[in-house]
Structures are given as C-alpha cells and as structure tokens.
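Note that the numbering runs from 1 along the sequence shown for the chain. The structure presented is a predicted model; accordingly, all values stated were derived computationally and were not measured.
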Amino acid sequence: AVDTARYLGLNALQVRVGQDLSELDKAAEQIRRAAAAGLKVIVQLSTCLGRRQRICLSDRHYWREVERYIASAVSKLQSLPVYAWQTDDFLELAIRYDDSDFRSFLQARYGDLAALCRAWGARVGAWADVTQKGALAVDDDQPYGVGQPSIDVADFRRWVFGEVMARWAEMIRRADK
C-alpha cells in the first residue's frame with residue numbers, strides 16, 4: 001500500500017484497524033513504513049466491532065465495547081506518527097435508528113402528545129404508538145410526501161448520526177491525550 005501511494009503521488013495513507021486487536025502490531029508496522037516514506041497516516045477504526053446488528057444510540061453494551069476498543073487501539077498506536085483518526089466508511093448505514101429513541105427525541109421536542117398531534121395534524125393514541133414508519137405514513141397525502149412528521153424523522157436521524165459521531169470523537173480524544 002505504501003509503494004502504491006508513493007507511486008500515485010499521494011501524500012497520505014489510510015491504515016484500517018479491524019475489530020481484531022491482535023492485528024495492531026501489523027497496523028503499527030504499516031504506520032511506521034508509511035511515515036518513513038513521508039506519508040501522513042489516517043487510522044480508520046472499525047465501528048461495528050463484529051456485530052451483526054446495527055449500532056443503536058441507546059445500546060450501553062455497544063458503547064462499553066467501543067470505549068474498550070478505542071482505548072486499546074489508540075493507546076497502542078498513539079506514540080506513532082498518526083495524522084488523524086477516522087471511523088469506518090458509511091457509518092450512517094450501520095446505525096439503527098430505533099423507534100424508542102425516536103419517541104424520546106419527539107418528547108424532548110414537543111413535550112406532550114397533544115403538541116405532537118397538533119404539529120403533525122394527526123391523532124396518536126399513545127407515545128408507544130409513535131414510530132418512524134407511522135410518521136412517514138402520515139405524510140403520504142402531503143405534496144411530495146413531506147410534512148412535519150417526515151421532517152421530524154429526518155431531524156431525528158441527523159441528530160442520532162451526530163450523537164454517534166460525537167461519542168466516537170469524544171472517546172478518541174480522551175484516549176489520544
């Protein structure tokens with residue numbers, strides 16, 4: 001990879017650190033070789049950690065695993081010339097946008113069910129009945145299928161993505177003192 005990057009005239013190389021931390025020595029050697037060749041190194045950290053299910057903002061087990069993974073990987077590699085840290089590509093595709101998190105988001109935004117119903121122009125019996133799929137269905141009759149419920153779904157997903165990225169960034173900052 002180093003030779004190819006130099007041949008192509010690139011000034012940086014991405015080194016991927018998978019979930020198997022036993023391969024950190026191999027990654028460290030790639031970083032040393034890249035730095036010796038004058039390349040900046042961006043270390044890509046695995047975000048799914050071998051999970052078949054998708055990342056959920058409220059999954060405490062996932063976040064404990066992430067913290068252990070980041071602490072191990074960063075502590076092993078931080079003394080090397082690492083230019084930047086990166087999460088996996090297409091992190092947004094690995095996120096599970098959970099309906100219980102959606103309801104919490106809406107409760108924070110609207111306060112109570114009556115305010116949500118007014119904003120959406122729809123009747124909802126209970127918070128437990130609120131889902132993203134149901135919110136999108138409320139807008140089926142709207143021009144282009146977009147009304148306040150669809151905007152709330154989009155805002156929620158943007159917020160979740162931002163929260164996931166912020167948590168990763170904060171954990172990396174803490175580990176990379």
By side-chain contact (heavy atoms from CB on, under 4.5 Å) - contacts of Arg64 (at least two apart): Arg60, His61, Arg68
side-chain contact (heavy atoms from CB on, under 4.5 Å) partner of Lys76, chosen from Val17, Asp25, Leu21: Asp25
Min side-chain heavy-atom separation Trp120-Leu106 under 4.5 Å: yes
Residue list, ring pair (Phe, Tyr, Trp, His ring centres under 6.0 Å) with Phe156, at least two apart or on another chain: Phe102, Phe105
Atom pair CD (Glu65) and CG (Asp59), whose distance is rounded to the nearest 0.5 Å: 8.0 Å
Least distance between heavy atoms, Val138 atom then Pro149 atom: CG1-CG, 3.7 Å
Single-linkage hydrophobic cluster, 4.5 Å side-chain cutoff, Ile31 and Ile42 together: no
side-chain contact (heavy atoms from CB on, under 4.5 Å) between Leu13 and Tyr83, worked out: CA-CA 10 Å; Leu13 181 70; Tyr83 182 72; over 6 Å; no
Side-chain atoms of residues 127-137: list all donor-acceptor pairs with protein atoms under 3.5 Å, sequence neighbours left out, distances to 0.1 Å.
residue: Asp129; atom: OD2; partner: Ala126; partner atom: N; Å: 3.1
residue: Thr131; atom: OG1; partner: Gly134; partner atom: N; Å: 2.9
residue: Gln132; atom: OE1; partner: Arg157; partner atom: NE; Å: 2.9
residue: Gln132; atom: OE1; partner: Arg157; partner atom: NH2; Å: 3.1
residue: Gln132; atom: NE2; partner: Tyr97; partner atom: O; Å: 2.5
residue: Gln132; atom: NE2; partner: Asp99; partner atom: OD1; Å: 2.9

Residues clustering with Val146 (ILVMFWY side chains joined when closer than 4.5 Å, directly or via others): Ile151
4.5 Å side-chain heavy-atom contact, Arg6 and Leu39: yes
Test salt bridge (charged side-chain N to carboxylate O under 4.0 Å, His left out) applied to Asp98 - qualifying residues, sequence neighbours left out: Arg96
Partners passing side-chain contact (heavy atoms from CB on, under 4.5 Å) against Glu170 (at least two apart in sequence or in another chain): Arg173, Arg174
Donor-acceptor contact present, side-chain Tyr69 to main-chain Leu45, <3.5 Å: no
Interatomic spacing from NZ in Lys26 to CZ in Arg16 - rounded to 0.5 Å: 11.5 Å
Just list the side-chain donor-acceptor pairs under 3.5 Å for residues 107-116, sequence neighbours left out, or say none.
residue: Arg109; atom: NH1; partner: Asp152; partner atom: OD1; Å: 2.6
residue: Arg109; atom: NH1; partner: Asp155; partner atom: OD2; Å: 3.0
residue: Arg109; atom: NH2; partner: Asp155; partner atom: OD2; Å: 3.1
residue: Tyr110; atom: OH; partner: Gln148; partner atom: NE2; Å: 3.4
residue: Tyr110; atom: OH; partner: Asp152; partner atom: OD1; Å: 3.2
residue: Tyr110; atom: OH; partner: Asp152; partner atom: OD2; Å: 2.6
residue: Asp112; atom: OD1; partner: Ala114; partner atom: N; Å: 3.2
residue: Asp112; atom: OD1; partner: Ala115; partner atom: N; Å: 2.8

Partners meeting salt bridge (charged side-chain N to carboxylate O under 4.0 Å, His left out) with Lys40 (sequence neighbours left out): none
Pairwise distance CG(Asp88) to CD(Gln19) - rounded to 0.5 angstrom: 10.0 Å
Euclidean distance, Leu8 CG relative to Asp3 CG, rounded to 0.5 Å: 11.0 Å
Residue pairs, two or more places apart or on separate chains, that pass salt bridge (charged side-chain N to carboxylate O under 4.0 Å, His left out) and touch residues 113-122: none
Trp63 (side chain) donor-acceptor with Leu57 (main chain) under 3.5 angstrom: yes
With Arg32 via salt bridge (charged side-chain N to carboxylate O under 4.0 Å, His left out) - residues at least two apart: Glu29
Atom pair CZ (Phe161) and CE (Met165), whose distance is rounded to the nearest 0.5 Å: 5.0 Å
Minimum heavy-atom distance Val41-Pro81, with the two atoms named: CB-O, 3.9 Å
Ala71: partners by side-chain contact (heavy atoms from CB on, under 4.5 Å), with sequence neighbours left out: none
Interatomic spacing from CD in Glu67 to CH2 in Trp168 - rounded to 0.5 Å: 11.0 Å
Side chain to side chain donor-acceptor pair (under 3.5 Å): pairs with one or both residues in residues 136-146, sequence neighbours excluded: Asp139-Ser150
Working for side-chain contact (heavy atoms from CB on, under 4.5 Å), residues Trp85 and Leu77: CA-CA 11 Å; Trp85 304 96; Leu77 302 175; 3.9 Å; yes
